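Worksheet: one structure, shown below.
Bear in mind that the values here come from a model prediction, so they are computed numbers and not experimental data. One is the number of the first residue; the rest follow in order along the sequence.
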Amino acid sequence: MMTVMSESEDDLNAEEDSSLIQGANSREGNNDKISGKAWGRVKNIVTRSQKYPKSVFFILGTEFCERFSYYGMRAVLILYLTNWLGFSEDVGTAIFHSFVMLCYFSPIIGAILADGYIGRYKTILYVSLLYAAGNLVMAITAVPPPEWYGPALGLILIGLGTGGIKPNVSSFGADQFRADQEKERYTFFSAFYFAINLGSMLSIILTPILRADVKCYGNECYPLAFGIPAALMVIATIIFVAGGSLYKKMPPSGNLIGRVFKCIWSGFCGRLKNCRSSDTKEHWLYYADSSKFEPEFIKEVQILLKVLFMFVPTPIFWTLSDQQGSRWTLQAEKLNGDLGALGTVKPDQMSAINPLMILVLIPIFEKFIYPWCERCKFLHRPLQRMSAGMILTVISFIMAGVLQMKIEDSLEPPLKEMESGISFYNTLHCEINIKTGDGLNFKIAPYQKSIYTVITAQENYVLNVTSCFPLLSKKVTLKPLEVNRMFVWSKDGKDVMLIKRQDLRSHPLEGKSKLSIFNGGALQNTQIVVVYNSHKGTISNQSGILFPSSEQKGEPFHPIYPGQYNLYWQESHDQNWTKHNSSFSIGQGAVYNLVIARNGTGTVLSLLTSVEVNTISMAWLIPQYFVVTVGEVLFSITGLAFAYSQAPITMKSVVQAAWLMTSAVGSLVVVVVAQSHFFTSQVLEFMFFAVLLTVATIMFMAMSCCYTYYYTSGHGNGFDDIEELIIEEKNEDIPLKHSNHPKHK
């Protein structure tokens with residue numbers, strides 16, 4: 001996590017830096033992962049608990065609840081924006097990544113506030129209240145009717161709140177240990193990252209269930225899906241305050257980030273003033289005001305800039321990686337989540353694969369893959385691993401593009417400008433024959449439908465219906481770009497009628513299907529309810545999806561989840577519900593028309609499919625998630641360790657700030673691309689991002705060949721003689737194990 005250190009804090013933070021290098025990983029641009037050896041260290045907490053300061057457990061509880069809150073809210077955010085608030089996929093993606101950008105830009109403000117003004121404890125406390133308020137705003141404003149300004153305020157408050165917490169909580173936890181508690185502090189960081197991953201994984205699984213399986217105000221329960229994260233954030237604040245009397249609170253130590261920026265600005269201005277001077281200096285930074293910046297500090301800033309220069313291509317990695325929560329979730333909506341014996345997966349649950357794989361992959365990499373790489377001299381150097389991670393992320397987006405191509409191939413082509421679509425439904429007990437004015441002929445069996453047909457849009461389209469009833473001749477208007485269903489039915493069993501209803505030809509999203517009912521006169525003046533066949537207890541109009549008598553003529557379409565259903569009807573409110581003896585099955589991503597027709601003295605249920613179920617399984621997402629997660633392990637952990645090993649000890653916090661900023665810039669790229677509307681196909685957009693990261697990877701690899709490596713042998717109190725302790729190795733990519741991390745004496 002990003003901290004701002006002074007020399008007085010070096011003893012405390014040196015071990016923190018070492019722990020971060022060896023055990024930290026990054027989620028969404030942040031080092032929110034568990035180290036490879038963390039399983040054993042977390043277990044050691046039990047045996048070392050008597051040595052842990054009691055305040056540490058309050059901090060771990062706070063972090064678990066805060067990460068649960070953040071990732072739980074974020075898991076359902078893209079679907080909330082697109083399906084509830086009604087934004088398009090492009091606008092929803094732009095809003096999602098603008099929020100992520102704020103979350104990873106605001107830590108700079110949090111770090112400056114904590115280290116330069118009010119200290120870590122007060123910063124965490126104040127922004128936690130802001131954070132909790134933002135979550136409450138999100139939950140309250142999710143109540144119908146949908147509106148955007150409340151959620152906008154909530155997201156801004158959450159973005160500022162998480163930014164204040166993100167750079168301070170882990171450092172505040174490290175503050176609680178004594179100087180002689182090196183091992184305890186080391187295990188604390190592993191437990192800290194374990195709490196992060198556990199909280200995020202559980203919330204990503206739980207909140208989509210609350211969203212989809214619980215009904216609020218007759219709709220999906222976004223108030224509850226946001227309310228639980230809000231409750232967890234309130235609990236996090238309570239836990240943090242409860243440990244207040246136990247905390248060791250360090251006073252503000254000075255704004256190092258601000259001083260670095262001032263030094264750079266002073267050097268830049270000084271160089272401009274002396275551009276014609278014959279007095280040249282080793283580096284333009286040495287033109288900075290010597291009365292404000294000592295030579296040692298300028299040297300550290302010079303080294304820092306060399307490290308930060310290597311970060312220039314890296315935001316594009318996060319441009320792709322962060323889309324797991326946006327574009328990939330939207331892609332999952334178009335797939336079939338039925339995984340057989342494993343159950344049905346919701347689209348917004350797929351992102352839980354990332355933290356789950358992280359927990360599994362990092363121990364495997366640490367214990368087996370990295371040692372093998374060291375022995376074989378293959379990917380044993382930091383920039384090699386980072387490059388490999390970027391390449392794998394390119395491959396994952398190519399895989400996403402290929403999958404998207406399959407999805408788009410399975411979709412129905414859109415109508416052209418002067419075209420109209422039509423299909424006919426026979427609700428009669430006998431076969432019908434429909435002849436049109438343009439020579440088409442449709443022969444439809446009882447309780448069945450015709451194929452969907454595209455014709456030229458026109459007024460006075462002639463339809464002649466022949467059946468076991470008298471001939472029906474009718475003219476209808478078919479408008480351009482309009483799709484219609486024509487139901488042939490008989491109200492009284494004597495005369496045939498034809499009724500036109502608009503059709504729905506696109507796959508429903510959010511893992512649901514759509515269902516309409518056409519009551520062909522079999523049930524008069526009844527209300528109908530469609531109920532899961534697993535329902536237990538008394539049937540009421542709240543037991544399932546209610547179709548009053550006014551909604552039994554093909555309109556409207558009601559969203560419905562996959563499963564086996566029964567149909568009940570009730571003629572009046574004082575009578576019992578009657579169950580039909582037939583059940584029917586609903587798939588995922590389909591559009592259905594349930595026809596209720598006469599069959600002598602009884603009724604017939606006929607479920608007719610207008611749009612077929614999603615044919616591509618959501619399991620096809622797993623390979624691309626696996627590849628991008630392996631890429632994240634290679635890039636994120638190694639990148640953070642590389643940056644820490646290269647930066648001077650007193651500049652670790654600035655490096656952390658820059659690392660977080662790469663994620664913010666990466667999200668900005670997504671916002672620009674999504675809002676440009678340059679790509680008409682999602683396939684082209686995925687491939688564009690793959691090409692963009694390919695270019696960034698080539699640039700990164702070229703820069704690494706020209707990079708001069710510095711690594712330091714620091715001591716607890718910082719640099720005694722920077723010239724002696726900084727070692728230059730030109731054109732030699734140093735392995736991670738060669739970095740001498742600072743240790744306590």
Decide yes or no on side-chain contact (heavy atoms from CB on, under 4.5 Å) for L692 and V669, but give the supporting numbers first.
CA-CA 11 Å; L692 189 64; V669 175; 4.2 Å; yes
F58 ring center within less than 6.0 Å of F172 ring center
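Centroid separation for F172 and F58: 6.0 Å or greater.
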is_close_aromatic(F226, Y80), centroid dist under 6.0 Å:
yes
Does the side chain of [Y] come within less than 4.5 Å of [X]'s, by heavy atoms?
X	Y	value
W318	S667	no
P313	M703	yes
F635	T314	yes
V127	L160	no
P252	Y117	no
P151	M138	yes
L304	V260	yes
V630	L361	yes

Ring of [Y], cation from [X] - is the NZ or CZ under 6.0 Å from the centre and inside 45° of the axis?
X	Y	answer
R271	F268	no
K262	F293	no
R385	Y370	yes
K249	Y121	yes

Interatomic distance, [X] atom [atom1] to [Y] atom [atom2] [nearest 0.5 angstrom]:
X	Y	atom1	atom2	result
S351	Q323	OG	CD	14.0 Å
Y70	S200	OH	OG	11.0 Å
T697	F317	OG1	CZ	9.5 Å
M250	Q176	CE	CD	8.0 Å
N135	I158	CG	CD1	4.0 Å
L305	I264	CG	CD1	4.5 Å

With F261 via side chain to side chain contact (heavy atoms under 4.5 Å, CB included) - residues at least two apart
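Side chain to side chain contact (heavy atoms under 4.5 Å, CB included) list for F261, sorted by chain: I257.
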Mind checking what makes ring-ring contact (aromatic ring centres under 6.0 Å, His included) contact with F105, not counting sequence neighbours?
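So F105 forms no ring-ring contact (aromatic ring centres under 6.0 Å, His included) with any residue.
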Would you say K292 has more than 12 foreign heavy atoms packed within less than 6.0 Å of its NZ?
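Atom NZ in K292 is not packed in, count stays at 12 or less.
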Do F68 and I228 pass the side-chain contact (heavy atoms from CB on, under 4.5 Å) test, and can you show the C-alpha distance, the side-chain angles, and the key distance before you say yes or no?
CA-CA 9 Å; F68 188 107; I228 295 301; 4.1 Å; yes
Please report the shortest heavy-atom distance between [X] and [Y], naming the atom on each side.
X	Y	value
R259	E294	NH2-OE1, 3.0 Å
I78	T93	CD1-N, 3.9 Å
L383	S704	CD1-CB, 3.1 Å
V671	A94	CG2-O, 3.4 Å
L77	F99	CD2-CD2, 3.9 Å
G110	T123	O-CG2, 4.0 Å

Between T141 and L153, is the side-chain contact (heavy atoms from CB on, under 4.5 Å) condition met? List the steps.
CA-CA 10 Å; T141 57; L153 175 62; over 6 Å; no
Before giving the answer on side-chain hydrogen bond (donor to acceptor under 3.5 Å, both in side chains), spell out for R67 and T162 the whole-Å C-alpha distance, their side-chain angles and the decisive distance to 0.1 Å.
CA-CA 9 Å; R67 289 290 89 183; T162 190; 3.0 Å; yes
Judged by atom type as modelled, is there a donor-acceptor pair below 3.5 Å linking the side chain of [X] to the main-chain atoms of [Y]?
X	Y	result
Y247	F240	yes
S663	W659	no
S106	G159	yes
S69	C65	no

Give the intermediate values and the outcome of side-chain contact (heavy atoms from CB on, under 4.5 Å) for residues K299 and E282.
CA-CA 10 Å; K299 180 65 175 179; E282 175 187 348; 4.1 Å; yes
